[in-house]
Amino acid sequence: MVAEVEAACRDWGFFQVINHGVPSELLDNIMAASKGFFALPAEEKRRVKRDEVNPLGYYDTEHTKNVRDWKEVLDFIVEELPGLAEPGTDEFRSFRNRWPEYPPGFREACEKYAKAVNELAFKLLELIALTLGLPAKRLNGFFKDQSSFMRLNHYPPCPSPHLALGVGRHKDAGALTILAQDDVGGLDVKRQSDGEWIRVKPIPNSYIINVGDIIQVWSNDKYESAEHRVSVNSERERFSIPFFFNPARYVTVQPLAELIDEKKSPAKFNAYNWGEFFKARKNSNFKKLEVENIQIYHFKKVV
Ligand code: OGA
Ligand code: NI
């Protein structure tokens, strides 16, 4: 399995897992909760709308690379920690989950699912550490006080699907993404060998895993965070649920010391603070800006 995960991370940055240990009823329950929530009237959904101070909750105006996405979402964090008040991260203390009143059981379905997927995330993290020739638990410490969050995505049918994207092309900024999708399909991954967009075929009760920017930096470019996007269609609405597995906000992200050798394989990135990076990216996702949003290649070392 380590060899298979290593090949998938290296050649694609994406893979699917089955027999993953997340009970299927937890996924069924959160999918039903998500459908129930997005079917509510707009004014009901806006009761849990995000605002400038607290970015969690419902919104339908996210931008990717300054272009508005054809979707609506609800975000919640996985661990609401008093420990978020690390130096320089005070504003994160205002992050609080907003739970809608309807449908009944929404919060419980989300929390139970998040707990199970979080366990899967740690199993995958340990596998990936092994693929890098490191002890299984080498990366776990970065996830004490983790800043992971879960997103419910709803992509409504689009009358002109060739003119819009559910999510524009992008790379996920965190460590790992664990995505559940329904049977509609629409996620396209950019193949590294030739740059073609490849549609990921939905497999019932499976998860799509992708390497994020942080693992790219930790691995010093052994693995690349793959570009992907979401296409929409005019017939069917689509639901997906990514779990963005992210380290603590105070973590300094840099190539792992064990993988660096001054002569043979020098570090390819300068260090950066995860909380600052996340904040800069998040803010830009709600505005049309004149400038490109933050990317890890801004931290590439000049050689
Ligand atoms: C994302 C994303 C894929 C999907 O939200 O970052 O890539 O299928 N979503 O919804
Ligand atoms: Ni993504």
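Along the sequence shown, residues are numbered consecutively beginning with 1. None of these values were measured; they are calculated from a predicted model. For the numbers below, each heavy atom of this structure counts, side chains included, while hydrogens, waters and symmetry mates do not.
- Among all heavy-atom pairs drawn from F243 and A114, the shortest one is CE1-O, 4.1 Å.
- The aromatic rings of F278 and W274 are tilted relative to each other, their planes meeting at an angle between 30° and 60°.
- Side-chain atoms of T252 never come within 3.5 Å of backbone atoms of N273 as a donor-acceptor pair (strictly under, hydrogens ignored).
- Expressed to the nearest 0.5 Å, how far CG of L74 lies from OH of Y59 amounts to 8.5 Å.
- Residues A175 and N246 approach most closely at N-OD1, 3.7 Å, considering heavy atoms.
- Here E43 does not pair with R46 in a salt bridge; the nearest charged N to carboxylate O distance is not below 4.0 Å.
- Distance check: E227 CD to N210 CG gives 12.0 Å after rounding to the nearest 0.5 Å.
- Judged by distance alone, the side chains of D172 and T177 do bring a donor and an acceptor atom under 3.5 Å apart.
- Using cut-offs of 30° and 60° for the angle between ring planes, the F122 and F143 rings count as perpendicular.
- Counting only distance, with no hydrogens or angles, the side chain of D182 and the backbone of F239 share a donor-acceptor pair below 3.5 Å.
- Among all heavy-atom pairs drawn from P135 and A129, the shortest one is O-CB, 3.5 Å.
- The aromatic rings of Y207 and H20 sit perpendicular to each other, their planes meeting at more than 60°, with 30° as the lower class boundary.
- Counting only distance, with no hydrogens or angles, the side chain of S147 and the backbone of P247 share a donor-acceptor pair below 3.5 Å.
- Note: W99 and F76 have tilted aromatic rings, judged against thresholds of 30 and 60 degrees for the angle between ring planes.
- Cation-pi check for K300 over F269 is met; the charged atom lies under 6.0 angstrom from the ring centroid and within 45 degrees of its normal.
- Of all heavy-atom pairs spanning P23 and A116, the tightest one is CD-CB, 4.4 Å.
- The two residues A271 and Q254 come nearest to each other via the heavy atoms CB-OE1, 3.7 Å.
- A salt bridge between K112 and E25 is absent, with no side-chain N of the basic residue lying under 4.0 Å from a carboxylate O of the acidic one.
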- Query: So D145 and Y250, side-chain contact (heavy atoms from CB on, under 4.5 Å) or not? Walk me through it.
  - Reply: CA-CA 9 Å; D145 303 333; Y250 49 79; 2.6 Å; yes
- Would you please test E44 and R47 for salt bridge (charged side-chain N to carboxylate O under 4.0 Å, His left out) and show each step? CA-CA 5 Å; E44 190 63 36; R47 291 175 67 179; 3.3 Å; yes
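- Looking at N29, its side chain never comes within 3.5 Å of a backbone N or O of A109 through a donor-acceptor pair.
- Residues L187 and F14 are in side-chain contact: their nearest non-hydrogen atoms beyond the backbone lie under 4.5 Å apart.
- Panel note: side chain R98, backbone L56; a donor-acceptor pair is recorded below 3.5 Å.
- With hydrogens and angles ignored, the 3.5 Å screen pairs no side-chain donor or acceptor of R229 with any backbone N or O of D188.
- Separation of atoms NZ (K222) and CD1 (I215) is listed at 12.0 Å; rounding is to 0.5 Å.
- Pairs of residues two or more places apart, or lying in two chains, that qualify as side-chain hydrogen bond (donor to acceptor under 3.5 Å, both in side chains) and include a residue from residues 124-134 are E126-K137, E126-N140, T131-Y223.
- Environment of CD in E258: crowded, with over 12 heavy atoms of neighbouring residues, nucleotides or ligands closer than 6.0 Å.
- Distance alone, capped at 3.5 Å, places no donor-acceptor pair between the N220 side chain and the L256 backbone.
- The shortest heavy-atom contact between F38 and L152 is CZ-O, 3.5 Å.
- The number of heavy-atom neighbours closer than 6.0 Å to NZ of K115, taken from other residues, nucleotides and ligands shown, is 12 or below.
- You'll find the side chain of H154 stays beyond 4.5 Å of the side chain of K35, heavy atoms only.
- Between the side chain of W12 and the main chain of Q192, no donor-acceptor pair closer than 3.5 Å is present.
- Counting heavy atoms from C-beta on, the side chains of I128 and L176 come closer than 4.5 Å.
- The cluster map of Ile, Leu, Val, Met, Phe, Trp and Tyr, joined by side-chain heavy atoms under 4.5 Å apart, puts V2 and W218 in the same cluster.
- Here the side chain of Q16 pairs a donor or acceptor atom with the backbone of K201 at under 3.5 angstrom.
- Annotation for R138: atom CZ counts as buried by contact number, over 12 foreign heavy atoms lying within 6.0 Å.
- A distance of 11.5 Å separates CD1 of I208 from CD1 of I178, quoted to the nearest 0.5 Å.
- Judged by distance alone, the side chains of Q216 and D221 do bring a donor and an acceptor atom under 3.5 Å apart.
- With a 4.5 Å cut-off on side-chain heavy atoms, D75 and E62 do not count as touching.
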